[in-house]
Amino acid sequence: MTSTSRHTDPSTLRRALRREVPSSAAVLADEQDFTAMRRYRTFPFDDHRSYLRQMETLLRRFASQGVLTTISLFDPAAYEKYCADLALDPDRPDSRSRYTAEVARTGATLTYQGEPLTQLLPLLVEEADRQATWDHASGLLARAGSCEECGEDLGHAAFARATQALQQLLASLGEGTHHLVCSVAAGEPPLLAVLHATGRDGARPQLAESETLVFCTVLAAGFALRTPGGLVSRTTAPTDRDATGDGAHDTVRGWTLGDSWPRPLGAAEVFTAYCTDSDTGEPIPPEHRVDYAPGLPLTPPPDPHHH
(Lines give C-alpha, C1' and ligand atoms only; values in the text may rest on other atoms or scores of the structure.)
Protein backbone atom coordinates (compact mmCIF):
# COMPACT_ATOMS: atom_id res chain seq x y z
CA MET A 1 0.00 0.00 0.00
CA THR A 2 1.39 3.39 -1.02
CA SER A 3 1.25 6.38 1.32
CA THR A 4 -0.36 9.55 -0.01
CA SER A 5 2.04 11.75 2.00
CA ARG A 6 4.46 13.75 -0.14
CA HIS A 7 7.31 13.06 2.35
CA THR A 8 7.51 9.70 4.04
CA ASP A 9 11.22 9.56 4.84
CA PRO A 10 11.99 11.30 8.17
CA SER A 11 15.48 12.23 6.96
CA THR A 12 13.95 13.95 3.92
CA LEU A 13 11.63 15.88 6.21
CA ARG A 14 14.56 16.93 8.43
CA ARG A 15 16.56 18.15 5.42
CA ALA A 16 13.59 20.15 4.18
CA LEU A 17 13.05 21.61 7.62
CA ARG A 18 16.75 22.43 7.95
CA ARG A 19 16.45 24.79 5.00
CA GLU A 20 13.66 26.63 6.85
CA VAL A 21 15.74 27.26 9.98
CA PRO A 22 18.35 30.04 9.62
CA SER A 23 21.79 29.78 11.24
CA SER A 24 24.19 32.29 12.72
CA ALA A 25 27.96 32.27 13.20
CA ALA A 26 30.28 34.68 15.01
CA VAL A 27 33.83 34.74 13.66
CA LEU A 28 37.10 35.66 15.39
CA ALA A 29 38.34 37.87 12.58
CA ASP A 30 41.90 38.58 13.67
CA GLU A 31 44.78 36.83 15.37
CA GLN A 32 44.57 38.96 18.52
CA ASP A 33 40.93 38.04 19.19
CA PHE A 34 41.65 34.40 18.41
CA THR A 35 44.55 34.36 20.90
CA ALA A 36 42.29 35.85 23.60
CA MET A 37 39.88 32.92 23.25
CA ARG A 38 42.62 30.29 23.55
CA ARG A 39 42.73 30.84 27.31
CA TYR A 40 39.48 28.87 27.58
CA ARG A 41 40.06 25.13 28.00
CA THR A 42 36.95 24.20 25.95
CA PHE A 43 37.95 26.36 22.97
CA PRO A 44 39.14 23.63 20.59
CA PHE A 45 41.37 25.52 18.13
CA ASP A 46 45.06 26.40 18.38
CA ASP A 47 45.73 27.94 14.94
CA HIS A 48 43.84 30.94 13.53
CA ARG A 49 44.26 30.00 9.86
CA SER A 50 43.06 26.48 10.49
CA TYR A 51 40.10 27.89 12.45
CA LEU A 52 39.11 30.14 9.54
CA ARG A 53 39.42 27.25 7.06
CA GLN A 54 37.18 25.05 9.22
CA MET A 55 34.66 27.87 9.63
CA GLU A 56 34.56 28.48 5.89
CA THR A 57 34.06 24.77 5.20
CA LEU A 58 31.12 24.70 7.60
CA LEU A 59 29.57 27.82 6.10
CA ARG A 60 29.92 26.46 2.57
CA ARG A 61 28.23 23.24 3.66
CA PHE A 62 25.30 25.19 5.08
CA ALA A 63 25.09 27.25 1.88
CA SER A 64 25.09 24.10 -0.27
CA GLN A 65 22.13 22.83 1.77
CA GLY A 66 20.20 26.05 1.16
CA VAL A 67 20.59 27.22 4.76
CA LEU A 68 20.68 31.00 5.29
CA THR A 69 23.53 31.95 7.62
CA THR A 70 24.24 35.38 9.09
CA ILE A 71 27.82 36.19 10.06
CA SER A 72 28.86 38.51 12.88
CA LEU A 73 32.11 39.28 14.70
CA PHE A 74 33.02 37.45 17.90
CA ASP A 75 34.48 40.02 20.33
CA PRO A 76 36.25 38.29 23.27
CA ALA A 77 36.02 41.36 25.54
CA ALA A 78 32.29 41.78 24.86
CA TYR A 79 31.84 38.03 25.36
CA GLU A 80 33.52 38.16 28.75
CA LYS A 81 31.26 41.03 29.83
CA TYR A 82 28.18 39.23 28.45
CA CYS A 83 29.00 36.14 30.53
CA ALA A 84 29.66 38.22 33.64
CA ASP A 85 26.36 40.11 33.25
CA LEU A 86 24.38 36.85 32.93
CA ALA A 87 26.47 34.86 35.44
CA LEU A 88 27.50 32.39 32.72
CA ASP A 89 30.68 30.32 32.71
CA PRO A 90 32.66 31.70 29.71
CA ASP A 91 34.54 28.40 29.39
CA ARG A 92 31.54 26.51 28.00
CA PRO A 93 30.47 25.93 24.38
CA ASP A 94 26.82 26.71 25.19
CA SER A 95 27.87 30.12 26.59
CA ARG A 96 29.62 30.85 23.30
CA SER A 97 26.49 29.75 21.43
CA ARG A 98 24.28 32.07 23.49
CA TYR A 99 26.63 34.99 22.84
CA THR A 100 26.64 34.19 19.10
CA ALA A 101 22.84 34.29 19.05
CA GLU A 102 22.90 37.61 20.92
CA VAL A 103 25.31 39.36 18.54
CA ALA A 104 23.36 37.99 15.56
CA ARG A 105 20.31 39.75 17.03
CA THR A 106 21.91 43.03 18.13
CA GLY A 107 25.25 43.38 16.33
CA ALA A 108 26.45 44.03 12.80
CA THR A 109 25.78 41.08 10.47
CA LEU A 110 26.20 40.07 6.86
CA THR A 111 24.57 37.18 5.03
CA TYR A 112 26.96 34.46 3.90
CA GLN A 113 26.62 33.80 0.17
CA GLY A 114 29.44 31.37 -0.50
CA GLU A 115 32.29 33.88 -0.81
CA PRO A 116 35.72 33.30 0.82
CA LEU A 117 35.97 34.54 4.41
CA THR A 118 39.02 36.61 3.42
CA GLN A 119 36.66 38.59 1.19
CA LEU A 120 33.77 38.77 3.66
CA LEU A 121 35.56 39.64 6.92
CA PRO A 122 36.85 43.11 5.89
CA LEU A 123 33.29 44.01 4.86
CA LEU A 124 32.01 42.73 8.20
CA VAL A 125 34.59 44.78 10.10
CA GLU A 126 33.49 47.86 8.11
CA GLU A 127 29.85 47.15 8.95
CA ALA A 128 30.68 46.72 12.65
CA ASP A 129 32.64 50.00 12.67
CA ARG A 130 29.74 51.73 10.93
CA GLN A 131 27.26 50.44 13.51
CA ALA A 132 29.52 51.43 16.42
CA THR A 133 29.84 54.94 14.95
CA TRP A 134 26.08 55.18 14.51
CA ASP A 135 25.47 53.98 18.09
CA HIS A 136 27.87 56.60 19.47
CA ALA A 137 26.52 59.45 17.34
CA SER A 138 22.90 58.49 18.08
CA GLY A 139 23.66 58.49 21.81
CA LEU A 140 25.10 62.00 21.54
CA LEU A 141 22.01 63.22 19.68
CA ALA A 142 19.70 61.62 22.23
CA ARG A 143 21.48 63.55 24.99
CA ALA A 144 21.24 66.88 23.16
CA GLY A 145 17.99 67.64 24.99
CA SER A 146 15.29 70.13 24.06
CA CYS A 147 15.31 73.81 23.20
CA GLU A 148 14.62 75.78 26.39
CA GLU A 149 12.53 78.34 24.49
CA CYS A 150 10.39 76.22 22.13
CA GLY A 151 10.78 72.68 23.49
CA GLU A 152 11.85 71.18 20.13
CA ASP A 153 14.05 68.09 20.24
CA LEU A 154 17.53 69.43 19.37
CA GLY A 155 18.74 66.06 18.11
CA HIS A 156 15.87 65.75 15.64
CA ALA A 157 16.40 69.35 14.49
CA ALA A 158 20.14 68.74 13.97
CA PHE A 159 19.43 65.59 11.94
CA ALA A 160 17.01 67.51 9.71
CA ARG A 161 19.70 70.17 9.11
CA ALA A 162 22.27 67.46 8.36
CA THR A 163 19.95 65.88 5.79
CA GLN A 164 19.42 69.27 4.13
CA ALA A 165 23.17 69.93 4.14
CA LEU A 166 23.91 66.60 2.46
CA GLN A 167 21.21 67.14 -0.18
CA GLN A 168 22.60 70.59 -0.98
CA LEU A 169 26.17 69.30 -1.02
CA LEU A 170 25.43 66.49 -3.48
CA ALA A 171 23.38 68.83 -5.70
CA SER A 172 26.28 71.33 -5.74
CA LEU A 173 28.89 68.68 -6.52
CA GLY A 174 26.83 67.53 -9.51
CA GLU A 175 27.87 64.67 -11.78
CA GLY A 176 30.67 62.30 -10.95
CA THR A 177 31.71 59.78 -8.35
CA HIS A 178 31.92 61.40 -4.92
CA HIS A 179 33.75 60.14 -1.83
CA LEU A 180 32.64 62.15 1.24
CA VAL A 181 34.21 62.05 4.70
CA CYS A 182 32.73 63.71 7.81
CA SER A 183 34.83 63.98 10.96
CA VAL A 184 33.56 65.31 14.31
CA ALA A 185 35.72 65.80 17.41
CA ALA A 186 33.41 64.02 19.85
CA GLY A 187 35.70 61.86 21.91
CA GLU A 188 38.79 59.83 21.10
CA PRO A 189 38.97 58.67 18.39
CA PRO A 190 36.81 61.28 16.61
CA LEU A 191 33.54 60.26 15.00
CA LEU A 192 34.20 59.44 11.36
CA ALA A 193 31.69 58.62 8.61
CA VAL A 194 32.25 57.87 4.94
CA LEU A 195 29.70 58.12 2.12
CA HIS A 196 30.01 57.14 -1.53
CA ALA A 197 27.67 58.72 -4.06
CA THR A 198 27.36 58.69 -7.84
CA GLY A 199 25.60 61.49 -9.69
CA ARG A 200 24.66 61.11 -13.37
CA ASP A 201 22.62 63.12 -15.88
CA GLY A 202 20.92 65.29 -13.28
CA ALA A 203 19.31 62.28 -11.59
CA ARG A 204 19.24 61.86 -7.83
CA PRO A 205 22.59 60.47 -6.61
CA GLN A 206 22.78 56.76 -5.85
CA LEU A 207 23.40 56.29 -2.12
CA ALA A 208 23.72 53.29 0.18
CA GLU A 209 21.03 53.59 2.84
CA SER A 210 23.17 52.47 5.81
CA GLU A 211 26.10 54.73 4.82
CA THR A 212 23.75 57.69 4.40
CA LEU A 213 22.11 57.18 7.79
CA VAL A 214 25.46 57.01 9.60
CA PHE A 215 26.85 60.00 7.68
CA CYS A 216 23.85 62.21 8.50
CA THR A 217 23.86 61.10 12.15
CA VAL A 218 27.55 61.97 12.58
CA LEU A 219 27.06 65.32 10.83
CA ALA A 220 24.01 65.99 13.03
CA ALA A 221 26.04 65.20 16.16
CA GLY A 222 28.56 67.84 15.06
CA PHE A 223 25.75 70.35 14.55
CA ALA A 224 24.02 69.57 17.86
CA LEU A 225 27.22 69.67 19.93
CA ARG A 226 28.65 72.67 18.03
CA THR A 227 31.95 70.84 18.22
CA PRO A 228 34.91 71.15 15.79
CA GLY A 229 34.55 69.04 12.69
CA GLY A 230 34.92 69.00 8.97
CA LEU A 231 33.70 67.66 5.65
CA VAL A 232 35.85 66.63 2.70
CA SER A 233 34.66 65.62 -0.77
CA ARG A 234 36.75 63.93 -3.42
CA THR A 235 35.09 63.87 -6.83
CA THR A 236 36.05 62.07 -10.02
CA ALA A 237 34.08 63.70 -12.83
CA PRO A 238 33.11 61.37 -15.69
CA THR A 239 34.64 63.53 -18.46
CA ASP A 240 37.63 65.05 -16.67
CA ARG A 241 40.88 64.21 -18.48
CA ASP A 242 44.40 65.40 -18.02
CA ALA A 243 46.44 66.98 -20.83
CA THR A 244 47.49 63.60 -22.22
CA GLY A 245 43.93 62.28 -22.14
CA ASP A 246 44.89 59.16 -20.21
CA GLY A 247 43.47 59.76 -16.76
CA ALA A 248 40.77 61.49 -14.78
CA HIS A 249 41.48 64.31 -12.36
CA ASP A 250 40.10 64.17 -8.84
CA THR A 251 38.83 67.38 -7.23
CA VAL A 252 39.07 67.73 -3.46
CA ARG A 253 36.96 70.29 -1.60
CA GLY A 254 36.50 70.98 2.12
CA TRP A 255 34.20 72.55 4.68
CA THR A 256 34.43 73.20 8.39
CA LEU A 257 31.41 72.65 10.63
CA GLY A 258 31.16 76.16 11.98
CA ASP A 259 27.94 77.54 13.47
CA SER A 260 26.08 74.22 12.93
CA TRP A 261 26.48 74.34 9.16
CA PRO A 262 29.23 73.46 6.66
CA ARG A 263 31.31 76.57 5.97
CA PRO A 264 33.43 76.34 2.78
CA LEU A 265 37.21 76.38 3.07
CA GLY A 266 39.40 78.21 0.57
CA ALA A 267 41.56 76.27 -1.87
CA ALA A 268 44.71 76.97 0.18
CA GLU A 269 42.97 75.77 3.36
CA VAL A 270 41.85 72.58 1.59
CA PHE A 271 45.40 71.99 0.32
CA THR A 272 46.86 72.51 3.80
CA ALA A 273 44.29 70.24 5.46
CA TYR A 274 44.68 67.47 2.88
CA CYS A 275 48.49 67.64 2.63
CA THR A 276 49.32 67.68 6.35
CA ASP A 277 49.89 64.58 8.49
CA SER A 278 47.24 64.77 11.23
CA ASP A 279 49.50 62.95 13.72
CA THR A 280 52.83 64.71 13.18
CA GLY A 281 51.79 67.99 11.55
CA GLU A 282 54.38 67.36 8.85
CA PRO A 283 53.55 68.21 5.22
CA ILE A 284 52.54 65.39 2.85
CA PRO A 285 53.34 65.64 -0.88
CA PRO A 286 50.23 66.43 -2.96
CA GLU A 287 48.85 63.58 -5.03
CA HIS A 288 49.28 63.42 -8.78
CA ARG A 289 46.24 64.51 -10.82
CA VAL A 290 44.41 65.91 -7.78
CA ASP A 291 43.06 69.47 -7.80
CA TYR A 292 42.50 71.23 -4.45
CA ALA A 293 39.49 73.50 -4.87
CA PRO A 294 37.49 75.72 -2.49
CA GLY A 295 34.41 74.31 -0.82
CA LEU A 296 31.13 75.21 -2.48
CA PRO A 297 28.83 77.60 -0.59
CA LEU A 298 25.73 75.99 0.90
CA THR A 299 22.71 77.98 2.02
CA PRO A 300 21.84 77.31 5.67
CA PRO A 301 18.21 77.03 6.71
CA PRO A 302 17.08 79.21 9.62
CA ASP A 303 18.33 77.89 12.95
CA PRO A 304 15.75 78.86 15.59
CA HIS A 305 17.94 77.41 18.37
CA HIS A 306 20.99 79.61 17.81
CA HIS A 307 21.14 82.02 20.70
Side-chain angles (χ1 to χ4, degrees), residues 130 133-134 136-141 143-144 154-174 176-197 199 205 207 211-237 250-287 290-307:
R130 194 157 40 234
T133 298
W134 182 79
H136 185 191
S138 296
L140 293 173
L141 283 181
R143 294 193 293 272
L154 295 178
H156 285 170
F159 190 87
R161 284 174 71 82
T163 302
Q164 289 176 290
L166 177 60
Q167 289 171 344
Q168 274 199 47
L169 178 59
L170 291 174
S172 298
L173 290 172
T177 301
H178 311 298
H179 178 84
L180 308 178
V181 179
C182 178
S183 176
V184 172
E188 189 57 45
L191 283 172
L192 192 69
V194 177
L195 180 64
H196 300 87
L207 301 170
E211 277 191 4
T212 306
L213 175 62
V214 175
F215 191 89
C216 285
T217 306
V218 169
L219 182 55
F223 288 170
L225 298 174
R226 299 187 183 273
T227 191
L231 273 172
V232 173
S233 71
R234 181 168 179 149
T235 298
T236 305
D250 283 359
T251 302
V252 173
R253 302 180 187 273
W255 297 257
T256 184
L257 304 185
D259 198 30
S260 294
W261 190 254
R263 180 184 67 80
L265 297 173
E269 292 176 294
V270 173
F271 179 89
T272 300
Y274 215 82
C275 298
T276 302
D277 188 301
S278 59
D279 294 326
T280 66
E282 295 295 316
I284 301 172
E287 295 181 60
V290 172
D291 298 327
Y292 301 92
L296 302 168
L298 307 175
T299 304
D303 182 4
H305 309 111
H306 181 60
H307 307 303

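On a predicted model such as this, the values are computed, not experimentally measured, just so you know.
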Partner set under ring pair (Phe, Tyr, Trp, His ring centres under 6.0 Å) for His156, not counting sequence neighbours:
none
Qualifying residues under side-chain contact (heavy atoms from CB on, under 4.5 Å), relative to Ala186, sequence neighbours excluded
Leu140, Val184, Leu191, Leu225
Quick one: pull up CH2 in Trp134 and CG in Leu141 and give me the separation to the nearest 0.5 Å.
10.0 Å
Could you state the interatomic distance from OG1 (Thr235) to NE2 (His179), rounded to the nearest 0.5 Å?
10.5 Å
How far apart are the closest heavy atoms of Leu170 and Ala197, and which atoms are they?
CD2-CB, 3.9 Å
Any donor-acceptor pair under 3.5 Å linking the side chain of Arg161 with the backbone of Pro301?
yes
Could I get the full list of side-chain contact (heavy atoms from CB on, under 4.5 Å) partners for Ala193, not counting sequence neighbours?
Val214, Phe215, Val218
Nearest heavy atoms of Ala165 and Leu219, plus distance in Å:
CB-CD2, 4.2 Å
List in chain and number order the residues that pass side-chain contact (heavy atoms from CB on, under 4.5 Å) with Thr212, two or more places apart in sequence or in another chain; answer none if no residue qualifies.
Leu166, Leu195, Leu207, Cys216
Can you tell me how far apart SG (Cys182) and CG (Leu231) are? Round to the nearest 0.5 Å.
4.5 Å
For the backbone of Ala185 and the side chain of Thr227, can you confirm whether one donor and one acceptor N or O come within less than 3.5 Å of each other?
yes
Using distance only, find each side-chain donor-acceptor pair of residues 264-275 under 3.5 Å and give its atom names and separation, not counting sequence neighbours.
| residue | atom | partner | partner atom | Å |
| --- | --- | --- | --- | --- |
| Glu269 | OE1 | Gly266 | N | 2.7 |
| Thr272 | OG1 | Ala268 | O | 2.9 |
| Tyr274 | OH | Arg234 | NH1 | 3.3 |

Using a 4.5 Å cut-off on heavy atoms from C-beta on, say whether the side chain of Thr133 contacts that of Thr217.
no
When rounded to the nearest 0.5 angstrom, what is the spacing between NE2 in His178 and OG1 in Thr251?
10.5 Å
With sequence neighbours excluded, tell me which residues meet side-chain contact (heavy atoms from CB on, under 4.5 Å) with Leu298.
Gln168, Leu169, Ser172, Trp255, Trp261, Pro262
Heavy-atom side-chain proximity of Arg226 to Asp259 below 4.5 angstrom
yes
